[in-house]
Amino acid sequence: MTAESYDPREIERRWQRVWADERSWEVSNEDDGRPKSYVLEMLPYPSGEPHIGHLKVYSVGDAIAHFKRRTGHRVLHPLGYDAFGLPAENHAIKTGQHPRESTEASIAEFRRQFNDWGVSIDWSRELGTHEPSYYRWTQWLFLRLFEQGLAYRKEAAVNWCPNDATVLANEQVVDGRCERCGALVEQRQLEQWFFKITDYADRLLDDLETIDWPQSVVTMQRNWIGRSEGAEVVFHCDDLDTDYPVFTTRPDTLFGATFFVMAPEHPDVLRLDDSPEVREYVRRALAASAEERGEEDREKTGVALGRTVTNPVNGEQIPMYVADYVLMEYGTGAIMAVPAHDERDYEFAVKHGIEIRRVIEGGEDGEDGELPYTGDGPMVASGRFDGLHNREAFERIVAWLGDEGKGEPAVNYRLRDWLLSRQRYWGCPIPIVHCERCGLVPVPDDQLPVVLPDIDDYAPEGRSPLAAAEDWVAVDCPSCAAPARRETDTMDTFVDSSWYFLRYCDARNDAAPWDRDVLRGWMPVDQYIGGVEHAILHLMYARFFTKAFADIGLLDVQEPFARLFTQGMVTRDGAKMSKSKGNVVSPRELVDEFGADAARCYILYVGHPAEGGDWNDKGIEGIARFLARLWRAAADAAAQTEPSEGPAGEPTAVLRKAHWAIDKVTTDLGERFATHTAIAAVIELVNDMTKQRDDLLATPEGASQYRFAAATAGSLIFPFAPHLGSEVYELLTGRRVWEEPWPQADPALLVADTVTIVVQLNGKVIDRFEAAVGIAEEEQERIARASERVAERLDGREIVKAVVVPGRLVNLVAR
RNA sequence: GCGGAUGUGGCGGAAUUGGUAGACGCGCCGGCUUUAGGUGCCGGUGGCCUUGGCCGUGGGGGUUCGAGUCCCUCCAUCCGCACCA
């Protein structure tokens, strides 16, 4: 037994110093002929200190980055901080501490811990989105989008959180409540800034096919964009002589439209009918919260408007209603209602005694089933379209409407424009000046950044806290020099994080957000890693920015993230870790107790990183034991063997095992991200070494193979446990493992001398035998048939067939 | 309701192409080392019965010489969306 023992603290500190002193992970923008690889973890939001999810994402990302480097790539692996945002501001309101102070304290803590974890970051590219040197370019990019009409201002019914006193994006409203504080969201009419992401709906949808993302994320994005194809059909109201277009995905059911419904917000509702009942209904509908209105089994309420519209296909007058199950935001805010073939319309019609007219046959067994029927079938009660299949009638009716000027094919999206303005302090100022004469005036590029001023009172009161900074707000119009006022809203922090991956490529450029040629050298991100919680918002916004910037000619890719890996959540006792449950595992404590290598390995070992994984306090001890075993094996090898160029003598089992492990880790990590089985393979190797230690060390050849196996284990564990990997490798070879090419398995050593052949009788395993590799099929079958166990079990039956799988098994079929 | 996943020992999880189910780790049992505890090392560990078997990958059915893996069906759990016309 070696006198000294494994001391991760000392080893880890030593290697961290080497990497920092030598700037081992910095990478130049110069092309040196090697293929590039851009490995990126999602931008962390610095709040308090890092949690277990951060440890996981960097453990995964760092393993990939190291693997890429050692397989010949020039790797960009940068890091920064998503530093603007509400939590820091709410903290400021509570404590009076400036958000910059609390944020920077947190950044310092994050930086310290990332360093303690030994993550291979190119620190020369570090950035914080709250730094003027960064948000100067956020503002610059905003102005480019403004010039293109992609950033615009309009009054809109917006989601208003009464608690945070700010507007929320649709995406930040969950079940009618503020995603952040849980308060019921209200609707307000306010002037707001939007990005025109809807212009990109089709491209955002189509280009999902060009990227290698998890199917579930692609599906979520697709659903969020929510493209539906159908037709716009015009219904005319004779009383007001007004056309009311509606969007429908089922023009084939037009002959079954027996009423017409408008959303309570529709501007024409009171023009059509301003009776007390209608006024009261509209008033109550508008007062209802989004949550109340969205309740699932809520009754379909509504009031008749006392007017009719003309169904364009048959000239029928059908009654108009106002009902809150119709949404103003989608389509035209009015619908044609076909109760026989739409569940919602059916429910409403039953309640209000409206005619239900079947126009498509079908249902169970081709017979007419119950209504509402939403499936396909032949058309009935539809005039000259009778008898056609409804899918065909769909096309014909749309064509006919087009000829008559009563409709046309149309596409609708669920996606809404991105509301980016926030009435909060701690965010990027919007670089616009409001001038009475000139209107919205962009701040000239050479006056950027518009610096966020220091203020004393952060509490929002329905307007941005910045509005109180009079000296800052009052400004001369950049266009006409008349007294004007700055925009006091700040940007949604999603704006900051929608382009940071571009800035990393050219992080110290102070003449532009980036140089187009430099960007061409790095983009797209080859491997993006983060949590599923960003499956929609962040990833959609970043894709939109990338496409918009490509259109402006600022860059040359259409998609920012070629490959996406979404990690699963680490749970404890099957439950999500949370402070309130008191079941959080602190990375800092883990690293203090077991070392960063053990913490990183364990989190990658507990299961496939894409899945969740249940934290087990005892589990990490097993990994710590394994690392100590590897350290001791290396120490023994170093003490009892001489350095050599490679393993000597005839290959023994341990040498084969080492090559087996090389092969296994290479495919598991390189192709499947299966870090858990990759680490298990190294554990197996080290366990085998430990068992054969005394025998191997007894001969010079055995010792050299033992030494080789230990160095190989160090080399293979390096992507997961970089400190110990470096230590072991240096001890045994005198070289730096991260400068070494990734080891290659010798195919000759991957094949064993013998294989176990299984003998099955009618598919059940009853015997096994050892055979030389490459045994002839006939020989394999002969031995199997000769098995005593077969004879014992045959019991008078006859072997009628033998299935031979070479090198694997023989299945004897007896009858 | 729609969409996406997932169901394997006491637990986390392996089995990558239809071919030895349970790798590896935790836990547990036994042994050795140790003054003792811990550490370390060695062996065992899916279930059931009489030492040889039988059963076993959420349930049921199917395809196949052979199914955790493919097909049908049902159930359960998780995630996302949800009055989107």
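Here the structure is a predicted model, which means the values were calculated and not measured. All values below come from the heavy atoms of this structure, side chains included, with hydrogens, waters and symmetry mates left out. The sequence lines fix the lettering, A, B, ..., with proteins before strands; numbering per chain opens at 1.
Using a 3.5 Å distance cut-off with no hydrogens or angles, the side chains of A/N616 and A/Y602 do not pair a donor with an acceptor. In this structure, a donor-acceptor pair under 3.5 Å is absent between the side chains of A/R414 and A/N223. Between the side chains of A/T249 and A/E229, no donor-acceptor pair of N or O atoms lies under 3.5 Å. Side-chain atoms of A/S228 and A/N412 include no donor-acceptor pair closer than 3.5 Å.
Rounded to an integer number of Å, the gap from OH of A/Y330 to C1' of B/rA85 is 7 Å. Atom CG in A/D694 sits roughly 14 Å away from atom C1' in B/rU33 (whole-Å rounding). Between the CD1 atom of A/I225 and the P atom of B/rC81 there is a distance of 15 Å, rounded to whole Å. Going from atom CD of A/Q692 over to atom P of B/rC41 covers 15 Å, rounded to whole Å. Rounded to whole Å, atom C1' of B/rA85 lies 15 Å from atom CD of A/E229. Atom-to-atom, CG of A/D252 to C1' of B/rA85 comes out at 13 Å; the value is rounded to the nearest Å. Put simply, CD1 on A/I536 is 15 Å from P on B/rC79, counting in whole angstrom units. Protein atom CG of A/L627 is 12 Å distant from nucleotide atom P of B/rG40, rounded to whole Å.
Closest to the side chain of A/S228, out of B/rA85, B/rU20, B/rG66, is B/rA85. Residue A/K300 places its side chain closer to B/rC83 than to any other of B/rA85, B/rC83, B/rC81. You'll find that the side chain of A/Y325 is closest to B/rC83, out of B/rU16, B/rU20, B/rC83.
Remark: the separation of the C1' atoms in B/rG53 and B/rA5 is 40 Å, to the nearest Å. Nucleotides B/rG60 and B/rA15 have their C1' atoms positioned 25 Å apart, rounded to a whole Å. Across the P atoms, B/rC24 and B/rA14 are found 14 Å apart, a figure rounded to whole Å. Remark: the separation of the C1' atoms in B/rG40 and B/rG22 is 27 Å, to the nearest Å. When the P atom is compared between B/rG3 and B/rA82, the two are found 16 Å apart, to the nearest whole Å. B/rC70 sits 10 Å from B/rU17 when the P atoms are compared, rounded to a whole Å. A distance of about 9 Å separates the P atoms of B/rU8 and B/rG13, rounded to the whole Å. Nucleotides B/rG68 and B/rU16 place their P atoms 13 Å apart, quoted to the nearest Å.
Between A/R222 and B/rC81 there is no side-chain N or O to OP1 or OP2 distance below 4.0 Å.
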- Task: Could you check A/F259 against A/F348 for ring-ring contact (aromatic ring centres under 6.0 Å, His included), going step by step and ending with a plain yes or no?
- Result: CA-CA 10 Å; A/F259 61 107; A/F348 189 88; 5.4 Å; yes
- Message: One pair to check against side-chain contact (heavy atoms from CB on, under 4.5 Å): A/Y244 and A/D268. What are the steps and the verdict?
- Response: CA-CA 10 Å; A/Y244 288 113; A/D268 280 8; 2.6 Å; yes
- Task: Under the side-chain contact (heavy atoms from CB on, under 4.5 Å) rule, what do A/L204 and A/R227 come out as? Steps first, then yes or no, please.
- Result: CA-CA 11 Å; A/L204 288 168; A/R227 180 187 157 103; over 6 Å; no
- What do the steps show when you test A/Y6 against A/D597 for side-chain contact (heavy atoms from CB on, under 4.5 Å), and what is the final call? CA-CA 12 Å; A/Y6 172 51; A/D597 284 341; 4.3 Å; yes
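When all heavy atoms of A/G763 and A/N811 are compared, the closest pair comes out as N-OD1, 2.9 Å. Shortest non-hydrogen contact noted between A/L371 and A/A340 is CD2-O, 3.4 Å. Looking at every heavy atom in both residues, A/A681 comes nearest to A/V665 through CB-CG2, 4.3 Å.
Within the model, atoms NE2 of A/H676 and CD of A/E611 stand 7.5 Å from one another, a figure rounded to the nearest 0.5 Å. In this structure, A/R543 CZ and A/L208 CG are separated by 4.0 Å, a value rounded to the nearest 0.5 Å. A/M336 CE to A/D342 CG: the interatomic distance, rounded to the nearest 0.5 Å, is 9.0 Å. We find the CG-CG distance between A/D636 and A/L696 to be 12.0 Å, quoted to the nearest 0.5 Å.
Relative ring orientation between A/F235 and A/F260 is described as tilted, the plane-to-plane angle lying within the 30° to 60° band.
In B/rG4 the O4'-C1'-N dihedral to the base is more than 90° from 0, which defines an anti nucleotide.
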Restricting both atoms to N or O, compile the protein contacts to nucleotides 47-54 of chain B shorter than 3.5 Å, with distance only.
residue: B/rG53; atom: OP1; partner: A/R789; partner atom: NH2; Å: 3.3

Atom pairs, N/O to N/O, protein against nucleotides 2-5 of chain B, distance under 3.5 Å?
none

- Can you check each nucleotide of nucleotides 21-28 of chain B against protein heavy atoms at under 4.0 Å and return B for base, S for sugar-phosphate only, - for none, in 5' to 3' order? S-BBBSS-
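In this structure, A/R672 and A/N412 both approach RNA chain B, and ranking their closest nucleotides by distance from the 5' end singles out A/R672. Heavy-atom nearest nucleotides on RNA chain B were determined for A/G607 and for A/F247, and the one closer to the 5' end corresponds to A/G607.
Applying the salt bridge (charged side-chain N to carboxylate O under 4.0 Å, His left out) test to A/D617 and every residue at least two apart in sequence or in another chain returns A/R572.
Using a cut-off of 4.0 Å between Lys/Arg side-chain N and Asp/Glu carboxylate O, A/R785 and A/E781 are scored as salt-bridged.
Residues from residues 800-807 of chain A lying near RNA chain B, meaning a heavy-atom separation below 4.0 Å, are A/K801, A/V803, A/V805 in numerical order.
Base pairing in RNA chain B gives the following stems of 3 or more Watson-Crick or G-U pairs, range against range and under 3.5 Å: B:1-7 with B:75-81, B:10-12 with B:24-26, B:27-32 with B:40-45, B:46-49 with B:52-55, B:58-62 with B:70-74.
Contact annotation for A/R808: backbone-only contact, meaning every heavy-atom pair under 4.0 Å involves sugar-phosphate atoms and none involves a base.
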